[in-house]
Colleague: 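For reference, the structure I am asking about is given below.
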Amino acid sequence: MIGRQYTGAINDVVISAQSHTGLKVTAHGKPALLAIVTADGEVIAVGELVAKEAEAVAINAYRNFLAGQGHLKVYSKPLRKQ
């Protein structure tokens, strides 16, 4: 895990991250969206909220690692329906 992680595994897709803009995705040079899709192909969520949730989980995991708590898992919390 320590060291540079390999990227570039998806043809014509670029996922970028900046501290002030969050995760951004392009496909074939055009803006694209991240999505949560079940193994059955059902689209659960798509768009900016997916990117923000993925970014938050990744940042929290990294912060735990820096704090010496790298063995802990980080989960997002499901939205409770009212």
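If you're wondering where the values come from, they're calculated on a predicted model, not measured in any experiment.
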Colleague: Does some side-chain heavy atom of Ile44 sit less than 4.5 Å from a side-chain heavy atom of Thr38?
Modeller: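 Yes; the side chains approach each other to less than 4.5 Å.
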Colleague: May I have the step-by-step check of side-chain contact (heavy atoms from CB on, under 4.5 Å) for Val25 and Leu33, ending in yes or no?
Modeller: CA-CA 6 Å; Val25 182; Leu33 302 172; over 6 Å; no
Colleague: Looking only at heavy atoms, which two atoms of Val46 and Val43 are closest? And how far apart?
Modeller: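 Nearest pair, atom of Val46 first, then Val43: CB-CG1, 4.5 Å.
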Colleague: Testing Leu23, Asn60, Thr21 one by one against Glu55 for a side chain to side chain contact (heavy atoms under 4.5 Å, CB included), which residue passes?
Modeller: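 When Leu23, Asn60, Thr21 are each tested with Glu55, the side chain to side chain contact (heavy atoms under 4.5 Å, CB included) holds only for Leu23.
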Colleague: Looking at CG of Leu34 and NZ of Lys24, how far apart are the two atoms once the value is rounded to the nearest 0.5 Å?
Modeller: 10.5 Å
Colleague: Give a yes or no on whether the backbone of Lys30 and the side-chain of Thr26 come within a donor-acceptor separation of less than 3.5 Å.
Modeller: no
Colleague: Looking at Leu49, I'd like to know if its CG atom is crowded, meaning that more than 12 non-hydrogen atoms belonging to other residues, nucleotides or ligands lie closer than 6.0 Å.
Modeller: no
